[in-house]
Amino acid sequence: MSTNTDPATVPAWPAPVVRLTGQGTVEVDGVSLRLPQGLDGADARRWAVQHVAGKYARLGRPIRVTAIEPDNTRIPLIVHPDGTVQAAPEEPSARRRGLPRPAARKGGPSLAKKPADQDATNTSQARGLIAAGAFLGVIALIAVIVLTAGGSGDPTQAPHTRTRATASGPATPPPANLPKPAPDGWTSRAAWSVPISTDVTPAVAPDGTTALVTDQGDLAVLDPATGITRWSAELSSAYGALVFTRIDDQDVIALSTGQTLHYWPLAGTQHPRTTVKLPSSGGTLSYAGDSPLAALDPATAGIITKGAVRTVDLPAKATALAAQGTSVLAADGAGHVWSLAPGQNPGTGLSLQPPGGGAHLTRVLGIDSKRLVGVWQTDANTIATVYAAHTGKPLATAKAGKDIDTTTVRAAGDLVAVGPLLLNTADGSGREVTGTTPKAAAGGRIYALDQQQRIHALAAGSDTVIGGDDVALPLGIAHRRALVVADKLGQRRLYALNPGPSSQAPAPGSSGQVEPPHPPGQGQ
């Protein structure tokens with residue numbers, strides 16, 4: 001039997017197209033998917049419809065699907081969240097938009113007498129039902145209870161973005177046990193856990209908002225308290241790392257794949273995607289600052305604005321370190337620092353003052369849009385000094401032996417790790433944590449790996465060894481929970497870990513900043 005859903009109440013969007021090729025693949029909205037081995041005929045059709053139902057289940061309502069057979073026969077269907085299918089006869093455009101049927105006029109046709117177009121509608125529905133049954137290889141279609149939660153499919157919404165269903169919509173993902181040691185201060189029991197893509201690293205914003213790419217290949221922005229998807233967007237392909245950043249004074253979630261940058265605004269009810277093509281020469285993106293920075297050659301930086309790359313000229317031998325809006329922070333090997341905008345004359349810039357007599361500058365590294373670090377060398381020591389980027393004022397200094405690696409930077413609030421040196425810009429102090437390399441930063445702590453492959457949790461006044469290199473390192477803190485990634489039963493998952501009984505209250509922090517050109521989350 002058919003479902004009790006009136007086709008006229010099913011909105012026109014979304015309307016994915018499913019095309020069976022007859023060659024072991026199925027195309028969903030132009031994206032080719034390989035069918036599981038051994039599936040063909042009716043089984044392949046059912047698999048394709050179930051795939052579409054799963055992608056759009058979060059809407060909590062039926063959707064329109066056009067199925068295309070290998071011989072190009074087009075079959076209109078209505079697919080419910082559980083994969084159940086019913087016929088979708090062609091409807092007038094007003095009805096396809098989900099508008100109610102016109103009420104019968106007073107004195108018009110009674111229920112005992114069918115209007116002339118009713119027979120035509122019934123005939124169309126019957127033909128559609130037969131076509132749907134042929135497509136799925138079944139005659140009887142199972143009735144379902146249709147969810148009527150929010151997310152009613154406003155046709156004015158961007159087609160590649162889906163909003164969250166509420167009320168009787170998605171439930172909080174179930175709790176789970178972390179399959180590897182938890183970081184210091186957190187239990188191995190997750191409040192919730194969700195499967196994610198193996199190709200894209202999730203991101204956690206300072207306010208805890210979490211973004212990931214699902215195991216189905218969709219971008220999803222989650223509520224940090226519950227793990228429920230707030231909204232999602234389709235992706236044709238994705239790899240790399242998601243990053244929360246700012247473009248044109250808007251908070252956005254960004255993903256760069258090859259020479260293309262995609263970003264979506266976080267605020268509002270609609271989240272249209274903007275795609276920016278990077279220059280073919282250079283174009284490496286970094287996110288050390290508040291905004292994306294494209295390192296272009298020679299002596300040129302790129303900022304992202306109004307859906308395009310705009311170039312900023314740099315002084316000779318200068319390197320771009322970070323971007324903030326349309327301003328670029330740059331420095332050269334002689335210790336000159338500039339804050340530059342498009343078309344601006346750079347002038348002489350600021351000069352970084354050495355930490356003592358006899359010190360010469362060996363490198364300048366970016367931390368964020370407001371701070372940078374100068375690495376200095378004397379005959380006996382390596383010295384790292386954190387400076388305020390716009391004044392050149394020293395904020396903290398630390399000293400170590402001469403032969404140390406200072407190429408890696410991580411920051412968590414006032415704490416900055418430069419190789420094995422830990423600096424606190426709140427009080428100007430600094431110390432060496434011998435033999436460590438910073439790997440991640442979250443919740444006011446920096447996580448570093450030592451030469452014995454042990455993980456250290458570094459705080460302002462403490463150094464806690466929390467286990468071997470198999471410890472799950474936090475991406476960030478969301479709703480007082482640590483977000484970590486781990487593989488379980490051949491599936492990559494994101495876990496939201498509860499605080500341990502003796503843990504300190506999580507401090508506000510970010511997912512960590514690294515020196516250009518690597519985006520946060522890589523190299524951990």
For this session: Measure the shortest side-chain to side-chain distance between Leu352 and Leu372 over non-hydrogen atoms and say whether it is less than 4.5 angstrom.
Result: yes

TODO: Look only at the side chain of Asn381 and the backbone of Ile383, and say whether a donor-acceptor pair between them is shorter than 3.5 Å.
DONE: no

Scanning both residues in full, the closest heavy-atom pair of Ala389 with Ser369 reads CB-O, 4.0 Å

- Item | Pair Asp450-Thr436, side-chain donor/acceptor within less than 3.5 Å | no

The reported gap from CH2 in Trp231 to CG in Leu219 (rounded to nearest 0.5 angstrom) is 5.0 Å

Does the Tyr287 side chain pair with the main chain of Leu242, one donor and one acceptor, at a distance under 3.5 Å?
no

| Between Thr214 (side chain) and Gln216 (backbone), is there a donor-acceptor pair under 3.5 Å? | yes

**Message:** Measuring only between side-chain heavy atoms, which start at C-beta, is Ser291 closer than 4.5 Å to Ile303?
**Reply:** no

Practice prompt. Could you tell me whether the side chain of Leu278 reaches within less than 4.5 Å of the side chain of Ser256, counting heavy atoms only?
Written response: no

Rounding to 0.5 Å, atoms CD (Gln250) and OG1 (Thr274) come to a distance of 8.5 Å

message: Is the shortest side-chain heavy-atom distance between Leu261 and Val309 below 4.5 Å?
response: no

Exercise for review: Please check if the side chain of Gln259 supplies one atom and the backbone of Lys277 the other of a donor-acceptor pair under 3.5 Å.
Suggested key: no

dist Thr437:OG1 -> Asp405:CG (nearest 0.5 Å) comes out at 6.0 Å

* Charged N to carboxylate O below 4.0 Å: is that the case for Asp215 and Arg492? -> no

To the nearest 0.5 Å, atom OH of Tyr447 lies from atom OG1 of Thr464 at 9.5 Å

Check your understanding: Does any non-hydrogen side-chain atom of Arg481 lie less than 4.5 Å from one of Asn498?
Key -> yes

Under the 3.5 angstrom rule, does the side chain of Asp251 hit a backbone N or O of Arg246 as a donor-acceptor pair?
no

**Study point:** Side chain to side chain, Pro224 and Arg230, heavy atoms closer than 4.5 Å
**Key:** yes

Review point. Do any N or O atoms from the side chain of His360 and from the backbone of Gln377 form a donor-acceptor pair under 3.5 angstrom?
Key: yes

Query raised in the report: Backbone N or O of Gly490 within a donor-acceptor pair of the Asp487 side chain at under 3.5 Å?
Result: no

The test is side-chain contact (heavy atoms from CB on, under 4.5 Å); show your working for Leu458 and His456 and say whether it passes.
CA-CA 6 Å; Leu458 306 177; His456 296 240; 3.9 Å; yes

CG (Leu329) and NE2 (His390) are apart, to the nearest 0.5 Å, by 6.5 Å

Between Pro183 and Ile466, the two heavy atoms sitting closest are CA-CD1, 4.1 Å

Give a yes or no on whether the backbone of Lys402 and the side-chain of Thr382 come within a donor-acceptor separation of less than 3.5 Å. yes

Between Pro173 and Thr226 the two heavy atoms that sit nearest each other are CD-O, 3.2 Å

| Test side-chain contact (heavy atoms from CB on, under 4.5 Å) applied to Thr172 and Ile228, step by step | CA-CA 6 Å; Thr172 298; Ile228 293 174; 4.0 Å; yes

For Gln452, is the CD atom crowded, meaning more than 12 foreign heavy atoms sit under 6.0 Å from it?
yes

Under 3.5 Å, is there a donor-acceptor pair between the Ser339 and Ser327 side chains? yes

Given Thr229 and Val194, is the side-chain contact (heavy atoms from CB on, under 4.5 Å) satisfied, shown in steps? CA-CA 10 Å; Thr229 298; Val194 294; over 6 Å; no

Scanning both residues in full, the closest heavy-atom pair of Ala384 with Leu423 reads O-CD2, 3.3 Å

On a heavy-atom basis, the closest approach of Ile446 and Arg410 is CD1-O, 3.7 Å

| request: Indicate yes or no for a side-chain donor-acceptor contact from Asp248 to the backbone of Lys306 under 3.5 Å, with no hydrogens or angles considered. | output: yes

Nearest heavy-atom contact between Tyr387 and Pro355 is OH-CD, 4.4 Å

Margin query: Working note: Leu222 + Trp192, criterion side-chain contact (heavy atoms from CB on, under 4.5 Å); need CA distance, chi angles, decisive distance, verdict.
Written below: CA-CA 12 Å; Leu222 309 186; Trp192 52 263; 3.9 Å; yes

Other residues, nucleotides, ligands: >12 heavy atoms within 6.0 Å of Lys399 NZ: no

CH2 of Trp264 to CD1 of Ile247, rounded to nearest 0.5 Å, is 10.5 Å

Notebook entry, point to check: Is the shortest heavy-atom distance from the side chain of Tyr239 to the side chain of Val213 under 4.5 Å?
Noted result: no

Side-chain touch Val252/Thr245, heavy atoms, less than 4.5 angstrom: yes

> Donor-acceptor pair, Lys439 side chain versus Ile455 backbone, under 3.5 Å?
Replying inline: no

